[in-house]
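Right, one structure below, let's go through it.
All ligand and atom numbering here is 1-based and tracks the order in the structure. Note that this is a predicted model, so its numbers are computed, not measured.
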Amino acid sequence: MPLPIQDATLLTAINFETGALSGQVVQKRYLSDLRGYFADEAAYAEALTHNDVLLYTVSSVEPAEGDGQMHYGLGILHPGKIGPEYFFTKGHFHTQREAAEVYVGLRGEGFMLLEHERTQESTLVAFGANQIVYVPGYTAHRTINTGTQPLAYLGIYPWNAGHDYGAIADRNFLKILIEHEGQPVLLDRDRWGDDGE
Ligand code: S6P
Ligand code: ZN
């Protein structure tokens with residue numbers, strides 16, 4: 001016999017169609033919300049004149065606050081590109097820099113781009129259905145969809161991790177993931193435009 005559920009936050013269902021976790025709001029991030037994030041500014045402006053597409057949704061459950069508590073969110077990142085660069089999430093550090101996060105891939109295929117705050121070392125990790133990525137503290141993280149289907153995942157983190165978007169919004173990640181001859185290729189952002197790309 002299953003235990004009776006006494007608190008609505010004990011059990012949550014995933015709705016892949018709406019991006020909602022049961023009873024929770026769905027935050028929507030459109031192309032226009034990521035102004036300045038994509039390397040190919042001309043392609044960004046052009047895409048925006050056609051359609052302010054939905055890039056991703058986030059729906060979070062925050063059952064409780066305080067020592068030992070966890071929060072989690074469902075992210076659904078749609079497939080597509082701006083110029084040669086795959087759709088991605090804004091990316092952030094946690095406000096509490098030491099806070100780690102566990103990402104559990106549910107559907108789709110892509111990568112996580114990690115960047116350590118102090119060493120500025122970049123790591124690209126394959127991430128999709130049935131794959132789990134541990135994001136250490138002090139590490140900016142961005143999800144990237146290189147597939148043809150939505151990339152759906154859960155992110156599970158300490159209740160007080162917080163989101164610090166400022167540093168990434170200001171200077172972005174040092175690397176970009178582009179499609180080159182049909183394959184994902186990681187490139188230094190600085191090198192963007194050197195050879196006509
Ligand atoms: C939260 C976790 C994810 C992201 C989601 C959207 O700590 O890392 O739920 O919020 O992937 O990305 P972003 O960078 O727009 O918050
Ligand atoms: Zn996070």
Open item on the list: Give me the atom names and distance for the closest heavy-atom approach of Y37 to A169.
Closed with: OH-CB, 3.5 Å
TODO: Note the single closest protein heavy atom to atom 12 (O) of ligand 1, along with its residue, its atom name and the distance in Å.
DONE: T89 CB, 3.5 Å
- [ ] Within a distance under 4.0 Å of any heavy atom of H141, pick out the atoms of ligand 1 and give their elements.
- [x] 8 (O)
Task: NZ/NE/NH1/NH2 to OD/OE distance under 4.0 Å, E41 and R35 - done: no
Open item on the list: Donor-acceptor pair, distance only, cut-off 3.5 Å: does the side chain of D164 make one with the backbone of H94?
Closed with: no
Task: atom 2 (C) of ligand 1: the protein heavy-atom neighbour that sits closest, reported with distance to 0.1 Å - done: E101 OE2, 2.7 Å
Task: For atom 11 (O) of ligand 1, closest protein heavy-atom neighbour - done: Y153 OH, 2.5 Å
Open item on the list: Looking at R118, I'd like to know if its CZ atom is crowded, meaning that more than 12 non-hydrogen atoms belonging to other residues, nucleotides or ligands lie closer than 6.0 Å.
Closed with: no
- [ ] Return a yes/no value for G91: is any of its N or O atoms, backbone included, closer than 3.5 angstrom to an N or O of ligand 1?
- [x] yes
Open item on the list: Looking at I178, is its backbone amide N or carbonyl O close enough to the side chain of H180 to form a donor-acceptor pair, meaning the two atoms are under 3.5 Å apart?
Closed with: no
Open item on the list: Out of all atoms in ligand 1, which are within 4.0 Å of some heavy atom of Y165? Include the element for each.
Closed with: 13 (P), 14 (O), 15 (O), 16 (O)
Task: ligand 1 versus R142: contacting region, heavy-atom distance under 4.0 Å - done: neither
Task: Heavy atom of the protein closest to atom 8 (O) of ligand 1 (residue, atom name, distance) - done: Y103 OH, 2.4 Å
Task: From Y157 atom OH to E62 atom CD, the distance as rounded to the nearest 0.5 Å - done: 5.5 Å
Task: Element-labelled atoms of ligand 1 that are located less than 4.0 Å from some non-hydrogen atom of H94 - done: 7 (O)
Task: Nearest protein heavy atom with distance in Å, relative to atom 15 (O) of ligand 1 - done: Y56 OH, 2.5 Å
Task: Test of proximity, Y157 against ligand 1: N or O pairs below 3.5 Å - done: no
Open item on the list: Do R107 and F16 form a cation-pi contact, if we require the NZ or CZ to be under 6.0 Å from the six-membered ring centre and within 45 degrees of the ring's axis?
Closed with: yes
Open item on the list: Determine whether the aromatic ring centres of residues F127 and Y103 are separated by less than 6.0 angstrom.
Closed with: yes
Open item on the list: Please confirm whether the ring centroid of F88 lies under 6.0 Å from the ring centroid of F38.
Closed with: yes
Open item on the list: Checking one value in my table: which N/O/S atom of E101 lies closest to the Zn ion (ligand 2)?
Closed with: OE1
Task: Heavy atom of the protein closest to atom 9 (O) of ligand 1 (residue, atom name, distance) - done: V58 CG1, 4.2 Å
Task: 4.0 Å heavy-atom contact, Y72 with ligand 1 - done: no
Open item on the list: Between L77 and T57, is there a side-chain heavy-atom distance shorter than 4.5 Å?
Closed with: no
Task: Atom indices of ligand 1 within 4.0 angstrom of H163 heavy atoms, with elements - done: 1 (C), 7 (O), 10 (O)
Task: Presence of N, O or S from H92 under 2.8 Å of the Zn ion (ligand 2) - done: yes
Task: N/O separation below 3.5 Å, R29 to ligand 1 - done: no
TODO: Please tell me if the side chains of L74 and V58 come closer than 4.5 Å, counting only heavy atoms from C-beta onward.
DONE: no
